[in-house]
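Here is how names work: the chains are called A, B, and so on, in the same order as the sequence lines, proteins then strands, and each is numbered from 1.
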Number of protein chains: 2
Amino acid sequence: MKEEVNTSLPETERNRLKHALKCRNLRPTRQRTCVYGVILEKRDHPTADDIHLRVRKKLPSISLATIYNCLDTLVECELVKQVHLDRAPTRFCPNRTPHAHFHCRDSGKVYDVSLDDERLSAIEQFLPHGFTADTIELSFLGRGPVTNTIS
Amino acid sequence: MKEEVNTSLPETERNRLKHALKCRNLRPTRQRTCVYGVILEKRDHPTADDIHLRVRKKLPSISLATIYNCLDTLVECELVKQVHLDRAPTRFCPNRTPHAHFHCRDSGKVYDVSLDDERLSAIEQFLPHGFTADTIELSFLGRGPVTNTIS
DNA sequence: GAACAAAATTAGAATAATTCTATTTATTTC
DNA sequence: GAAATAAATAGAATTATTCTAATTTTGTTC
């Protein structure tokens, strides 16, 4: 039995997802759509576990294994990027434009740092002859701008 | 009882370690010395587990927890860097000069990609105003130079 | 639209990485 | 050399991720 569940993914993104999946002979299942929706909804670099908690509000029976499956598919489709910081669980990011990440030691927050074409190609040129990269990950660890505190 | 074990760390590195530890009021224990020695010996970006196996040849009773403790200390002392690739265990690298990492999809090998001052400061300038980073991690995922294969 | 094949999901177990806790051992300081 | 502190230890605990085998869903063919 197929229940209709609103996985509330805006038209543009839904089409982007459908298209990217179709190119690879994969199906836009409810689970994949919903996982993608949740990642787009709150762009705070959630872990698989965070995503599981959020998706369960819409698809209460979804398992963590499926979350990982869906995420792997989305990464394959280049709709989502993985972020590897510290000895911490992998985080996921739907920002498809070239960008780096900044991880604040104080707040734990992760910020996107956008990279224009010039910067991106500068980085690509770091590679010695014979090496080609399909994925570049750049991350900073430090302190972000001082936020107001009660002092 | 103190057994003398040769942890075979060359003079220069031994001094570097001693100095870095002293600055932070930490002690150059046999375990720390040996872990550092092993990391310097074979610069293949080993995991904590790899390091455990290697150190045990010299200090057979050392525990994995101590390996992690020592590694954390060495990272704190800026003698060792952590490398975070994929959803894989953290690797450790004794290259103290600025460099990026290249991870080969085919062989799984990790290469250091050295960064001169110019490149490093170019990267630092990516950060928006108000952000300061003490650690920068840049990694590439792709294919390395083709090695000879039996075809 | 029934029947089959292929793809995807599922629960839960298994594995593996890392951290924690409580105890023991070693080192420094007085 | 005793007290105080730091570090190491074993092993348990926790957590992240993967795997397995069974079930459900989807797509295709007749």
Side-chain angles (χ1 to χ4, degrees), chain A residues 1-5 7 17-18 20-36 38 45-53 55-56 58-77 80 82-92 108, chain B residues 1-5 7 17-18 20-36 38 45-53 55-56 58-77 80 82-92 108:
Chain A
M1 178 186 49
K2 177 159 93 184
E3 290 170 39
E4 274 317 319
V5 175
T7 49
L17 174 60
K18 270 191 179 175
L21 289 168
K22 179 165 273 180
C23 286
R24 292 163 180 83
N25 279 313
L26 300 168
R27 297 166 189 167
T29 62
R30 249 176 310 146
Q31 290 83 350
R32 285 170 178 168
T33 306
C34 189
V35 166
Y36 190 42
V38 154
H45 305 89
T47 64
D49 210 65
D50 294 334
I51 294 164
H52 189 208
L53 290 172
V55 170
R56 271 213 291 213
K58 293 173 177 174
L59 304 174
S61 74
I62 197 169
S63 75
L64 185 55
T66 302
I67 300 289
Y68 273 104
N69 288 344
C70 292
L71 287 169
D72 287 344
T73 304
L74 293 171
V75 169
E76 224 179 283
C77 292
V80 164
Q82 293 182 280
V83 188
H84 303 104
L85 301 171
D86 317 308
R87 298 201 302 241
T90 302
R91 293 153 173 264
F92 297 85
Chain B
M1 179 186 47
K2 176 159 93 183
E3 290 170 41
E4 273 316 321
V5 175
T7 49
L17 174 61
K18 271 192 179 174
L21 289 167
K22 179 165 275 180
C23 287
R24 292 162 180 85
N25 279 313
L26 300 168
R27 298 167 190 168
T29 63
R30 249 174 311 148
Q31 290 83 350
R32 286 171 178 167
T33 306
C34 190
V35 167
Y36 190 42
V38 154
H45 304 89
T47 64
D49 209 65
D50 295 332
I51 294 165
H52 189 207
L53 290 173
V55 170
R56 272 212 291 213
K58 293 173 178 172
L59 305 174
S61 75
I62 198 169
S63 75
L64 185 55
T66 302
I67 300 290
Y68 273 103
N69 288 343
C70 292
L71 287 169
D72 287 345
T73 303
L74 293 171
V75 169
E76 223 180 285
C77 291
V80 164
Q82 293 183 278
V83 188
H84 304 105
L85 301 171
D86 317 308
R87 299 202 299 241
T90 302
R91 293 154 172 263
F92 297 86

Base versus backbone protein contacts along nucleotides 2-15 of chain D [heavy-atom cut-off under 4.0 Å; B, S, -]: ----SSSBBB----

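The one candidate from A:Thr29, A:Ile67, A:Leu59 that meets the side chain to side chain contact (heavy atoms under 4.5 Å, CB included) condition with A:Cys34 is A:Leu59.
Taking atom CG of residue B:Leu21 and atom C1' of nucleotide C:dT27, one finds them 14 Å apart after rounding to whole Å. Following rounding to the nearest Å, B:Asp72 (CG) and C:dC20 (C1') show an atom-to-atom distance of 13 Å. Atom CG in B:Asp86 sits about 18 Å away from atom P in D:dA16, given to the nearest Å. Put simply, CG on A:Leu59 is 8 Å from P on C:dT10, counting in whole angstrom units. Between B:Asp49 atom CG and C:dA16 atom P there is a gap of 10 Å when expressed in whole angstrom units. Counting to the nearest Å, the P atom of C:dT10 and the OH atom of A:Tyr68 are 16 Å from each other. In this structure, the CD atom of A:Gln82 is 13 Å from the C1' atom of D:dA16, given to the nearest Å. Here C:dT19 presents its C1' atom at 15 Å from NE2 of B:His52, a figure rounded to the nearest Å.
A:Thr33 approaches A:Pro28 most closely through the heavy-atom pair OG1-O, 3.9 Å. Here the shortest heavy-atom pairing between A:Leu26 and A:Cys77 reads CD1-SG, 4.4 Å. Here the shortest heavy-atom pairing between B:Arg24 and B:Glu76 reads NE-O, 3.4 Å. What you find for A:Ile51 and A:Pro46 is that their closest heavy atoms are CG1-CG, 3.6 Å.
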CA sep, side-chain torsions, deciding dist, call: B:Asn69, B:Thr66, side-chain hydrogen bond (donor to acceptor under 3.5 Å, both in side chains): CA-CA 5 Å; B:Asn69 288 343; B:Thr66 302; 4.9 Å; no

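Note that CD of A:Gln82 and CG of A:Leu74 are 10.5 Å apart. Values are rounded to the nearest 0.5 Å. Atom CZ of residue B:Arg87 and atom CG of residue A:Leu71 lie 7.5 Å apart, to the nearest 0.5 angstrom.
Annotation: of the two residues near DNA chain C, B:Ala88 and B:Pro28, the 5′-most nearest-nucleotide partner is B:Ala88.
Remark: side-chain polar atoms of B:Arg32 are paired, donor with acceptor, to backbone N or O of B:Arg27 under 3.5 angstrom. Looking only at distances, no side-chain donor or acceptor of A:His52 sits under 3.5 Å from a matching main-chain atom of A:Tyr68. Side chain of A:His84 to main chain of B:Asp86: a donor-acceptor pair is present (N/O by atom type, distance under 3.5 Å, no hydrogens or angles).
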Within the sub-3.5 Å range, which N or O atoms of nucleotides 1-3 of chain C have a protein N or O partner, and how far apart are they?
none

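For B:Arg87, no side-chain nitrogen or oxygen approaches OP1 or OP2 of D:dA16 to under 4.0 Å.
End-to-end axis angle of the helix from C:dG1-D:dC30 to C:dC30-D:dG1, using five pairs per end and rounding to 10°, comes to 30°.
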